[in-house]
Structure formats: C-alpha cells, structure tokens
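I have placed the structure first, in the form of structure tokens, so that the comments after it can refer back to it.
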Amino acid sequence: LAAARRAVRLGAFRDALATLDVLLDHAPVHLEALCLRAECLEALGDPRAPAAFAAAARVAPRAARHDIRARQALSSVRAGDPAAALVALEGVRATTLEGRLAHALALCGAAAMGHADPAVGLARAEETRRLAVESGDPAAVVIATWAEAAAAHAAGDLPSTLRASLRATHALPELAITVFDGQLCVVERLLYGGMPYPEVIAFADALGEEADRLGATRGRAFATTLRGEAELLTGRLDQADADLAEGVRLHRLIGAPAGEAIALQRRAEVALYRGDRPRAVALLEESLAVARESNLGFHLMDRIYGSMITAAADPAAAFATLEEAESAVHGSLETCPGCRITLAVPAAIAAAAAGDLERAAAYEGAVERLTSILMRLPGWYAALDEVRGHRLRAAGDPAAAARHLAAASAAFRAAGQPLDADRCAAAASGLPR
C-alpha cells in the first residue's frame, strides 16, 4: 500500500496498478486499494475506471459511498457515457468538497451532453463554487467554475455567466484568475458555432470595455484573447496576431499561465496560416512550457500537441509528434472530454497521411463520438468530414475522399471559417470526383 501511494504521488500510475493488483489478490475488499486503483485507471484514461469506482463504492461505509459514487459518475462522463453517470448519481449526497465537485462536474457534464437539466446542474455548480471559494483552494475554484460554465453553456447563457464572474471577482485578482481559467475550456465552444463570430467579437469587446471600467486586468486579458481567436478563425490574421500578442502580454503580466498558453498556441496557428512554420514551432514550444507550469494542463495539452502535429514539416515528422502526444497526453490529469477533439482531429489526419489506417480509423471514431455526444457544433462537424476525407484518400478511395473534403469545405464556409474552408477545397480539388 505504501508503495502504491508513493507511485501515485509520482504519477507512476502503471507501477501503482501493478502493486495494487498484488495487494488486492490478498485483500480483495481493501477500500483504499480499490479507490487508488480506480484513480489510477482514470488518470490513465482507462475505460475500466467507472467500474473500478463502483467496486470501491460497494465495500465503502455509507458516508464514503456517496463521494465514491460521485467520482464514478464523473468518470462515466469522462468516458462519454452520461446516461451511466446519471444512474450512478441517483440518491447521492456527497459530503466532502472533492465529492461535491465530482457531483457538480458530472451533472454539468451530462447537461452539456444533452442528458441532464442545465438548470439543476447550474444550481449545484453555483453552490459548489461558493464552497470552493470558502475553502480557499484555487484548484477547487477552477473545477467548480468549469462546472458552472458548462451548465451555463448548455442553457445558452454562458455570456451572462462570464459577465457575472467579471463583476464578482474584479476586486480579487487571484480569484479572478482561477475563475476565468475554469471557464477557458467551455468558452472555446463559442468559437466553433456556439455563437456567430460577429456576436463573439461584439461580446469580447463589451466584456473588455466592462473590464476596463472595473479595472479588471484578468477580464481584459480574457476578452482580448477571445477576440483574437475569433479573428483568427474568420481569417483576419493581422488583427488576430495583434490581439493574441496583447493577450500573451496581459496574461503574463498577471501570472495567468493557462490564458497565456492558449494565446501563444493561437499565435502559432496564425504563423502557420502565414506559412511561417519555424515561428509556429517556436511559439508552440513556448506554449507547451507555459502550460506545464499551469494547473490546467488537462485543458491545454490536447490543443497544443494538436497544433504541433499540424505544424510538423512532413508526414513522418507529424506521425512522430503524434506518437509523442500519445505518450504525453492521456487520462483525467492531462486531458478533458471537451478538449480531446483538438488533438483527435489532427491525429487522425496525421495517421492517415502516414499510412496507419487502423490508427486513423480509431481517431476518426473518437472525433465522431466527441462531435455527436459532446461538441455538436458546426465547426467540428466540418472537421469530421475533413478527417473522413483524409482517411478515405489514404485507403485508396479518392472519389469518396473528394466528396467528404468538399463537404467539409462547404460546412467550414457556412460556419464562417474561410481559411479552413479553403484548405479543404484545395485538398478536394486534386482528387477525382
């Protein structure tokens, strides 16, 4: 047990599992060992994690059982099974802050997937955020805020929640950093069809103006970066680069590494669109270094490694970067369901270009699941068609590939993403119909 605890502290989850298997052979109902095993499986992204939490809950005392079942529910959401999560939450009354956070995240995640009432999730998330703030634990505040933002987005009311957060935290800079960091992942969903781009930019402008009025640098940094991202996706590269550079500066000024990492990663995308691969690579390396200093790596690593795959010099280098990403990004400590698609899309394309059709098909399946269950946004449906086009071209069906790439181009254009549309149109034009 001591060896397993030490391995978990060091992040050596596979070593911990091997030790726990020995322990559980001798003591099959050892509660701490069962809980540690479930945590290790979840950290590794192993689909057996929900069942492992359920096994621990069955032998736990009544009080502890509720908290473990809340973690089982959250594990099910992360595994893409919100229906199972809601079953696990039936009758749960978590008592610890960790259990309450898991309950709120599971409920709000299920709401974001269309399987629960956003109002119920939002009420629980707001209560949990209050408890997290009272605890003084920044990590707990980030998690509770993510839950609140997810439920607000599911209810179509994310902009109001962001404005309320700005007003509530403008005089508390450290709390503002954690609250806005917790909303980063969910706000990214506005950028792929959750809101028309002119409205995103107008919202970012209004939020920035209010932040200036309140003297809230964190709000201004957030709004400037969001505006830059919207400008990037709509093809206004000069404006995007200027705003994202300012976003990097402002986030660095206040010590907000998560926002800085995202602004750096988006600047790398601008450089790629301009054909400046060396600058893109340098920005991505800087972004990755900053992300590793953040407590929000699980919202950052997928997107950074996804861009690194795209920025690779050739298919062989892209495939090597994909393999590096597979070893570096997995499990609940390094990825989240909403962010995973930012790695899965370029990974599928890279695998197809390298001729690894089995891996390409596996990533395509992941993109399809994430799009249909969680993301459900026009920009990601277009990306799914692009992935299918590349996989079909690698499989020797150029006509079908051309149809999917043309469909992707049309969908990207309809979503307001002209650069992505042009890329897909160019890929389709060289293939027979």
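For the single chain, residues carry numbers from 1 onward in sequence order.
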Legend entry - Side-chain H-bond candidate by donor/acceptor type, T224 with E246, under 3.5 Å: no
Inset, instruction - Find out whether R388 and R393 are in side-chain contact, i.e. whether some heavy atom of one side chain is under 4.5 Å from a heavy atom of the other. - result: no
Legend entry - Donor-acceptor under 3.5 Å (T371 side chain, E368 main chain): no
Inset, instruction - Measure the shortest side-chain to side-chain distance between F53 and L41 over non-hydrogen atoms and say whether it is less than 4.5 angstrom. - result: no
Legend entry - Exam field: side chain S409 to backbone L405, donor-acceptor pair closer than 3.5 Å: no
Legend entry - Atom pair CD1 (I262) and OG1 (T225), whose distance is rounded to the nearest 0.5 Å: 8.0 Å
Inset, instruction - Taking only Lys NZ, Arg NE, NH1 and NH2, and the carboxylate oxygens of Asp or Glu, determine whether R391 and D356 approach each other closer than 4.0 Å. - result: no
Legend entry - Minimum-distance pair of heavy atoms, taken over all atoms of G228 and D243: CA-CB, 3.8 Å
Inset, instruction - Identify the heavy atoms of S372 and Y381 that sit nearest to each other, and give their distance. - result: CA-OH, 4.4 Å
Inset, instruction - Would you check if P378 and Y192 make a side-chain contact, meaning some heavy-atom pair closer than 4.5 Å? - result: no
Inset, instruction - With side-chain contact (heavy atoms from CB on, under 4.5 Å) as the test, would you mind laying out the steps for L101 and L97 before giving the verdict? - result: CA-CA 6 Å; L101 285 169; L97 178 58; 4.1 Å; yes
Inset, instruction - Test T96 against D67 for side-chain hydrogen bond (donor to acceptor under 3.5 Å, both in side chains), laying out the working first. - result: CA-CA 7 Å; T96 66; D67 287 341; 2.9 Å; yes
Legend entry - Check: I201 and R236 side chains under 4.5 Å, non-hydrogen atoms: yes
Legend entry - Salt-bridge criterion met for R369 and E364 (N-O under 4.0 Å): no
Legend entry - Exam field: side chain S307 to backbone I304, donor-acceptor pair closer than 3.5 Å: no
Inset, instruction - Using a 4.5 Å cut-off on heavy atoms from C-beta on, say whether the side chain of I68 contacts that of C35. - result: yes
Inset, instruction - Kindly say whether L283 contributes a backbone atom to a donor-acceptor pair with the side chain of S287 at under 3.5 angstrom? - result: no
Inset, instruction - Quick one: which residue pairs count as a side chain to side chain donor-acceptor pair (under 3.5 Å) with a foot in residues 412-423, not counting sequence neighbours? - result: Y197-Q417, Y273-D420, E386-R423, R413-D422, Q417-D420, D420-R423
Legend entry - Spacing of L284 atom CG and L288 atom CG [to the nearest 0.5 Å]: 8.5 Å
Inset, instruction - With rounding to the nearest 0.5 Å, note down the distance linking CD in E269 to CG in L264. - result: 12.0 Å
Inset, instruction - Any chance you could lay out the side-chain contact (heavy atoms from CB on, under 4.5 Å) test for H390 and H404, step after step, and finish with the verdict? - result: CA-CA 9 Å; H390 284 282; H404 279 287; over 6 Å; no
Inset, instruction - Taking the side chain as every heavy atom from C-beta outward, state whether D238 and R274 have any pair of such atoms under 4.5 Å apart. - result: yes
Legend entry - Distance in Å, E286 CD paired with R267 CZ, rounded so as to fall on 0.5 Å steps: 9.0 Å
Inset, instruction - Keeping the roles fixed (side chain from H251, backbone from G247), state whether a donor-acceptor pair exists under 3.5 Å. - result: yes
Legend entry - Validation row: L1, E32 side chains within 4.5 angstrom (heavy atoms): yes
Legend entry - Nearest heavy atoms of A318 and I309, plus distance in Å: CB-O, 3.7 Å
Legend entry - Minimum side-chain heavy-atom gap L89-R69 below 4.5 Å: no
Inset, instruction - Could you tell me which non-hydrogen atom of A348 sits nearest to which non-hydrogen atom of V387, and how far apart they are? - result: CB-CG1, 3.6 Å
Inset, instruction - Begin with the C-alpha distance, continue with both residues' side-chain angles, and end with the deciding distance and a verdict on side-chain contact (heavy atoms from CB on, under 4.5 Å) for R37 and D21. - result: CA-CA 8 Å; R37 180 174 182 272; D21 285 344; 4.0 Å; yes
Legend entry - Heavy-atom closest pair, residues D302 and C339: CB-O, 3.4 Å
Inset, instruction - Would you name the heavy atoms of G255 and P257 that are closest together and state the gap between them? - result: O-CD, 3.2 Å
Inset, instruction - Flag the pair R279 and D276 as a salt bridge only when some basic side-chain nitrogen lies within less than 4.0 angstrom of an acidic carboxylate oxygen. - result: no
Legend entry - Spacing of CZ belonging to R220 relative to CD1 belonging to I254, to within rounding of 0.5 Å: 12.5 Å
Inset, instruction - Go through W380 and L370 one step at a time and tell me if the side-chain contact (heavy atoms from CB on, under 4.5 Å) criterion holds. - result: CA-CA 9 Å; W380 291 119; L370 290 166; over 6 Å; no
Legend entry - E42 CD to L74 CG distance, which is reported to the nearest 0.5 Å: 6.0 Å
Legend entry - E199/R227 salt bridge by N-O under 4.0 Å criterion: no
